Amino acid sequence: MNRRKVLKQIAAGALASTAAYPLTLFAATTPEENPMLKQNINHSVCRWTYSFLSVDELCAAVKKIGFHAIDLVGPKDWPILKNYDLFSSMCNGAEISLTKGWNNKDYHDTLIRNYTEHIDLVAKAGYKNLICFSGNRDGMDDETGLKNCVEGLKKILSLAEKYRVIIQMELLNSKIDHKDQMCDRSSWGIQLCKRLSSENFKLLYDIYHMQIDEGDVIRTIKSNHQYFGHYHTGGVPGRHEIDESQELYYPAIMKAILETGFTDYVAQEFIPTGKDNKDKIASLKKAVRISDV
């Protein structure tokens, strides 16, 4: 099941928790079982990749592993995160969909209304990152898409700047997972950043997606880090664990991110392949350790 389908099911309330383990599985561990992380990387995990757990169960698992944030959580679940003293490191809920975005003026009225409301909600909740998407090309050329995105986003950026909320457009591959997505190359997204010229608009650099569509991950991060406000992980191929089973060497990537002076969040966004929930939680714990340079 891909991200688009899972997000759609979650939004519709149709994805029930199928966790086979009680919350005691995620109870606090002793220091010997859970060594302290180095605190160089701010770790997070994307909600949708662990949608087989309830939000409560995922929060408890995150606390057990020892990090403090969850990505792609909307306003209705923020109270649960706050109960666990966890941060919503990338907020969502303002977007229409991954395919209907800022590159199409037909959606601007709805998007402006949604983002105006959510910028206020994000700020009042004490968060700062809010995701957005370019949308599909649908036959549109890149320059028209850039102009349309600039025209629409400028109408919300003054509010984002006022409330210190960062709008972050995710880079998605159009080769495998998101056919026809316009923001599928870092060069296109960087051009958008330059035209908007606001510290409150950044790119969510998804390492998995950009390895598929353009590669050259470490050099791109080092050369263009000023435009990247957030990072997602994922194994290539398959979007599974970021361990030795895939082609990217994440310790080197994380080291490169740190060397740019980045201090925000890196979120695990791989789909775990374990045979049961316990194995899948173990995969997340391993990924955090691999990334904790």
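Residues take their numbers from the sequence shown, with the count starting at 1. Small disclaimer: the values here were computed from a predicted structure and weren't measured.
Residues Q268 and T49 bring no donor and acceptor atom of their side chains to less than 3.5 Å of each other. Side chain to side chain, S245 and D243 meet the donor-acceptor criterion of an N or O pair below 3.5 Å. S89 and D71 are linked by a side-chain donor-acceptor pair at a separation below 3.5 angstrom, with hydrogens and angles left out of the test.
At most 12 heavy atoms of other shown residues, nucleotides or ligands fall within 6.0 angstrom of atom CD in E199. The neighbour count for D109 CG, taken as heavy atoms of other residues, nucleotides or ligands under 6.0 Å away, does not exceed 12. The number of heavy-atom neighbours closer than 6.0 Å to CG of D85, taken from other residues, nucleotides and ligands shown, is 12 or below.
Counting heavy atoms from C-beta outward, R113 and E117 have side chains that stay 4.5 Å or more apart. With contacts defined as side-chain heavy-atom distances shorter than 4.5 Å, the pair Q168/C132 does not qualify. Between H240 and F270 the shortest side-chain heavy-atom distance does not fall below 4.5 Å. Taking the side chain as every heavy atom from C-beta outward, D177 and I212 approach each other to under 4.5 Å. By the 4.5 Å heavy-atom criterion applied to side chains, I70 and C59 are counted as neighbours. Residues M169 and L204 are not in side-chain contact: their nearest non-hydrogen atoms beyond the backbone lie 4.5 Å or more apart. A 4.5 Å side-chain heavy-atom check between L86 and F67 finds every atom pair outside the cut-off.
Among Y115, Y107, F201, the one residue that satisfies the ring-ring contact (aromatic ring centres under 6.0 Å, His included) test with W102 is Y115.
Ion pairing of E241 with R289 is absent here, as no side-chain N (NZ or NE/NH1/NH2) approaches a carboxylate O to less than 4.0 Å. Under the 4.0 Å criterion applied to side-chain N and carboxylate O atoms, E151 and R195 are not assigned as salt-bridge partners. A salt bridge links K128 to D264: one of the charged nitrogens lies within less than 4.0 Å of a carboxylate oxygen.
Proximity of the aromatic rings of Y205 and Y227 is defined here by a centroid distance below 6.0 angstrom, and this criterion is not met. Ring centers of H178 and H209: under 6.0 Å apart, within the cut-off. Here the two rings, on F87 and Y127, have centers that are under 6.0 Å apart. Aromatic pair F262/Y231: centroids less than 6.0 angstrom apart.
No donor-acceptor pair under 3.5 Å is formed between the side chain of H225 and the backbone N or O of I221.
Note: the hydrophobic cluster containing I290 also contains L258 (ILVMFWY, side chain heavy atoms under 4.5 Å, direct or indirect links). I96 is connected to I119 through a chain of hydrophobic side-chain contacts under 4.5 Å among Ile, Leu, Val, Met, Phe, Trp and Tyr, so both are in one cluster. Linking ILVMFWY side-chain heavy atoms closer than 4.5 Å, directly or via other members, places I166 and L196 in two distinct hydrophobic clusters.
Ring geometry for Y50 against F52 counts as tilted: the plane angle lies between 30° and 60°, on a 0 to 90° scale.
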* Asked: For E269 and R239, what are the C-alpha separation, side-chain angles and deciding distance, and is it a salt bridge (Lys or Arg N to Asp or Glu O under 4.0 Å)?
  -> CA-CA 8 Å; E269 197 183 22; R239 198 179 200 149; 3.0 Å; yes
* Run the side chain to side chain contact (heavy atoms under 4.5 Å, CB included) check on N136 and L98 step by step: do they pass? -> CA-CA 8 Å; N136 282 4; L98 277 65; over 6 Å; no
* To do: Any chance you could lay out the side chain to side chain contact (heavy atoms under 4.5 Å, CB included) test for H68 and V62, step after step, and finish with the verdict?
  => CA-CA 7 Å; H68 307 286; V62 162; 5.9 Å; no
* **salt bridge (Lys or Arg N to Asp or Glu O under 4.0 Å) assessment of D276 paired with K280** => CA-CA 6 Å; D276 56 30; K280 291 174 182 179; over 6 Å; no
* Asked: Does the pair L153 and L192 meet the rule for a side chain to side chain contact (heavy atoms under 4.5 Å, CB included), with working shown?
  -> CA-CA 10 Å; L153 286 162; L192 179 57; 4.3 Å; yes
* **Derivation of the salt bridge (Lys or Arg N to Asp or Glu O under 4.0 Å) call for E161 and K154** => CA-CA 11 Å; E161 290 164 355; K154 276 189 173 180; over 6 Å; no
* Asked: Taking it one step at a time, do I281 and L53 satisfy side chain to side chain contact (heavy atoms under 4.5 Å, CB included)?
  -> CA-CA 10 Å; I281 293 297; L53 300 177; 3.6 Å; yes
* Output, in order, the C-alpha distance, side-chain angles, deciding distance and verdict of salt bridge (Lys or Arg N to Asp or Glu O under 4.0 Å) for D184 and R137. => CA-CA 10 Å; D184 63 347; R137 289 185 174 86; 3.1 Å; yes
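For the atom pair CG of D106 and CG of N148, the computed distance is 9.5 Å after rounding to the nearest 0.5 Å.
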